[in-house]
Each structure stands twice: as C-alpha cells, then as structure tokens.
Amino acid sequence: MSVAIIDYGSGNLRSAAKAFEHVCDDQVLVTSDPSAVRAASHIVLPGVGAFADCRKGLAAVAGMEETLHEVVIEGGRPFLGICVGMQLMASVGEEFGETAGLDWIRGRIKAIEPADPALKIPHMGWNELHGLHDHAVLDGIDHGAYAYFVHSFHFVPDSNDHLLATVDYGGNLTAAIGRDNMVGTQFHPEKSQATGLRLIENFIKWKP
Amino acid sequence: MLTTRIIPCLDVKDGRVVKGVNFVDLVDAGDPVEQAKVYDAAGADELTFLDITASSDNRDTIYDVVARTAEQVFMPLTVGGGVRTVEDIRKLLLAGADKASIMTAAVHNPDFVKEAAERFGSQCIVVALDAKTVAPGKWEIFTHGGRNPTGIDAVGWAKRMVELGAGELLLTSMDRDGTKQGFNLELTRAVSDAVSVPVIASGGVGTLDHLVEGVTEGHASAVLAASIFHFGEYTIAEAKAHMAAAGVKIRPVQTA
C-alpha cells in the first residue's frame, strides 16, 4: 500500500501529506512522477487556487493526465480529489472563463451565489455536513459533523446520484461527491481535525 | 450553517513562544508546537503564528516550527510577520502552513498581494491591516506596531487589498490592542461591510462579550484573541459557550 499525492504546483501539499502520514503507516509520496502514481495503491489530487490555473498546472506535468486516466478510470484504483482537486473531476469549470475539466463526473463548477448577499465569499470556515450518503469513505462521520471549507466556486453535478454530502451556505452546495472508485471533497479533510482524519483513514482502507 | 471562527494567536520569536498559553502542565511551554496542540484539543477553529523574530539570522526558525506543528495539528494554520516575498510564502506553504499573512510588504508594494494571490490563490493570502483612529469615523493604516503612519485610509485600503486578491483581512485596531476594552466596533463594521471577503477582528478583547460584539455589531466573520486565552482567563470552550448563548453560531468543542 502506498499513497501518491499529486504535486502539480498547487497548494499546501505538506499539510495534506502530514495528515495522511498521521493516520496510516503506508508510504505517503508527494510526487509529480507518473510512474510513482502508477505504482501507488491510493491516489490523491489536492488543489487550491483557481480552476483554470490548476487544470493548466496538471496538464503541464508530462504524462500525468494520461496516467490518471489509466489508473483511475481504467484501473479502478481509489482516488480522492480535495477542493479544486475535486472540482477538476467535473466536465467544465467556469472560474476565469470556461475550462474543460477531467469530465469524470458530469457537472459544472460554478460561482457560489448565495441568496443572502450579506454572506461572504469565499465560503471560509467550519460548516456542517448534511445529506450524508452511506459510503465507505464517510463511515463514522455523523450528520452535522463539521468540516473546514474555503472556496468561492462549487460543483453542480448533472445528476444528484453522485452527491455524497452537502453543505448549507445560502443554499445547498456539494460537500462531497463520488462514483465507483472515486470520491471528492470540497472541504479540506487534512484541515478538519477528527472528522477529516476519519475520512482519510476510511479512504486508505477503502476497497471499491 | 457556517460558524464563526475563534482564532488564538501566538507570538513566536526565534522559534519560541513569547506570548502564549500560561499552562503549567506543558512539558515545554515555550514550544509553539506544544501550545498549538493545546489549542487544537481545546477546540480552536484556526491558529495564527505571528513571527516577531527581529534578526534575519533566525528567520528560518519559523519554517521548522510550522513543519513540526503541521505534523500534529490538523486545522488551518496562518503565519504572519516578515512575509515579504513570494519565496517567503512558498517556504511557509511547503513547511505546512495554509495561509500567509502580509502586512508591511503590502504597504510598500501593493502589487505584491496581487502577485501572491495569482501564484498561490486568494484563499491563502491574508492581508493584515493595523488601523488607528485619526478622526471620528476615520481610520488610517499604520505599520511597525502602530508607530509609523502611512496616510492610507483603512476602509479604502481594505477594498483595494481585496481587489488585488486578498482572500481574507485581519483587522487590528491599534487604539484598542492590549487595552482589553473590546474591539473597535465602528472600524470593524466599516471594514467588514465594505468588503466581500471575511474579516477577522483583532485587538482589544478583554471579555467574552467583546467576542460576541465583534460578530453581532462589528460584522466580523472571525475573532482573533491572544491574551484572554494565553493567560488562562478564559478557555476556548467558555468563549464558544458564551457566544452560542448569545446566538452566535459556533462549532461546538468536540471532546475526543
């Protein structure tokens, strides 16, 4: 068992790696090497910043998108996308113009437009998870558990069948999404204390 | 519903806490990591380190502190103090910080905020504003702990920083800092209402009611405090219970 956290120039990778190292004895690699990703049993795509930049960053790593397709889509290996890493699973992102996503889960990444104009953007801080689905990666996480969010855009899936959890911020937003061997969280499990560590632990043990 | 964050701030100098939790049971009370763990267990929502290291020889100590903290504490960590270049921010993020707080460097070169936000994303760029009352309803940005006036209007500056890409503002009232008289609510409200991003209120907290007022009257999204927590006057749990009783939505302290 080993975890590959994909380094494509985005985000606080150390912070994510530390959380994985904390809950598992397996090797945790922060890597931009497709062969290391191919060798890993679990794959994590983190991401902070803007959708278009992240997509560009990922595309700039030679062979990485092809490798992801090979191991995640064809190989069925457990995959976790975090924040923009989760948003990249969508068909299209609307941040700074339209950018194609990986199109693993049909849907669009749209700006949060809360009904109450007094609500601040980004949606930043601890908020409750609702509508939790029965899913191995969410095992032991209760309805109303708090997770740490920071985002201005959100995943609007074409089908609610892929929604695993929601969060209320001037309306329901996608908090977690998934299908088959892939899951994605809008919140940061690596920053969500006990709830987040539980999710990471579940993911490591997950055998989809 | 999104909850109001309570953020303890630790002053770190040469890798050691100079203003921190006054708990006798810590093995090494001067170790920022020990203190971070205390606050993590106590239910703090985020943590801020303010690096007040003066000597450039010891600047790198903060990276080691951040790295050791990130190994043990799994909540958002912001580091401020001496953040002057994109490289400084990159080193903090690589060490395990989640956000970097920029102050003086933004005053000297506002475009640094834009450069930083474009490189790392707005979500990890906090701009710190130290503001002082210069006339009724008028506040000016100061640097160097409130000693150096800049002639910059605080509310206008706040808006400009957000336009340049700041994802969050840390607003400190230099009139109130250390006075325990409560936040400057008029200033906090003026800034919070003027910008779209979250504002963290800071400076002057002496009672738990002050924390409540920062949110209900100051319209802040988060409250930062140092001394009321460090010296054991109140715990994070007491602060949260008090805020909840006053109708402020908080994340309950989880007992592990």
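Just so we're on the same page: letters track the sequence lines, and every chain starts at 1.
- Taking the side chain as every heavy atom from C-beta outward, A:Val48 and B:Phe120 never approach each other to under 4.5 Å.
- Between the A:Asn127 side chain and the B:Met1 main chain, a donor and an acceptor come within less than 3.5 Å of each other.
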Using the rule given for side-chain contact (heavy atoms from CB on, under 4.5 Å), can you reason through A:Lys191 versus B:Glu46, listing the C-alpha separation, both sets of side-chain angles and the distance that settles it, and then say yes or no? CA-CA 9 Å; A:Lys191 293 286 117 192; B:Glu46 292 192 23; over 6 Å; no
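- Across A:Met124 and B:Gln123, no two heavy atoms sit closer than the pair CE-O, 4.4 Å.
- Of the atoms belonging to B:Ala97, it is backbone heavy atoms, and not side-chain ones, that fall under 4.5 Å from chain A.
- Surrounding CZ of A:Arg106 are at most 12 heavy atoms belonging to other residues, nucleotides or ligands under 6.0 Å away.
- In terms of heavy-atom proximity, B:Phe74 sits nearest to A:Ala19 at CE2-CA, 3.4 Å.
- If you take CZ on B:Arg119 and CG on A:Asp53, they are separated by 11.5 Å, rounding to the nearest 0.5 Å.
- With a 4.5 Å cut-off on non-hydrogen atoms, A:Glu190 touches chain B through its backbone but not through its side chain.
- With hydrogens and angles disregarded, a donor-acceptor distance shorter than 3.5 Å links the side chain of A:Lys120 to the backbone of B:Val195.
- No part of B:Leu92 comes within reach of chain A, as not one of its non-hydrogen atoms sits under 4.5 angstrom from that chain.
- Contacts with chain A were tallied for B:Lys249, B:Arg90, B:His219; B:Lys249 has the most, counting heavy-atom pairs under 4.5 Å.
- Atom OH of A:Tyr148 and atom CG of B:Asp45 lie 9.0 Å apart (nearest 0.5 Å).
- Atom CG of A:Asp25 sits in a sparse spot, with 12 or fewer heavy atoms from other residues, nucleotides or ligands closer than 6.0 Å.
- For chain B, no part of A:Ser152 is nearby; none of its heavy atoms comes within less than 4.5 Å.
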Before you tell me yes or no, could you show the steps for B:Thr3 and A:Tyr146 under side-chain contact (heavy atoms from CB on, under 4.5 Å), namely the whole-Å CA-CA distance, both residues' side-chain angles and the distance that decides it to 0.1 Å? CA-CA 9 Å; B:Thr3 53; A:Tyr146 285 86; 3.4 Å; yes
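- Within 6.0 Å of CG in A:Asp116 there are more than 12 heavy atoms belonging to other residues, nucleotides or ligands.
- Heavy-atom distances place the side chain of A:His123, and not its backbone, under 4.5 Å from chain B.
- When every heavy atom of A:Ile121 is checked against every heavy atom of B:Pro198, the shortest pair comes out as O-CD, 4.3 Å.
- In this structure, no portion of B:Ala117 lies under 4.5 Å from any heavy atom of chain A.
- Here the CZ atom belonging to B:Arg251 is positioned 8.5 Å from the OG atom belonging to A:Ser192, to the nearest 0.5 angstrom.
- For a residue to count as touching a neighbouring chain, one of its non-hydrogen atoms must lie under 4.5 Å from one of that chain's; by this rule B:Gln72 does not touch chain A.
- Here the side chains of A:Arg14 and B:Leu93 are not in contact, with every heavy-atom distance at 4.5 Å or above.
- Contact annotation for B:Arg5: only side-chain heavy atoms (C-beta onward) come within less than 4.5 Å of a heavy atom of chain A.
- With a 4.5 Å cut-off on non-hydrogen atoms, B:Ala44 touches chain A through its backbone but not through its side chain.
- Considering only heavy-atom pairs separated by less than 4.5 Å from chain A, the leading option among B:Gly96, B:Ala67, B:Ala222 is B:Gly96.
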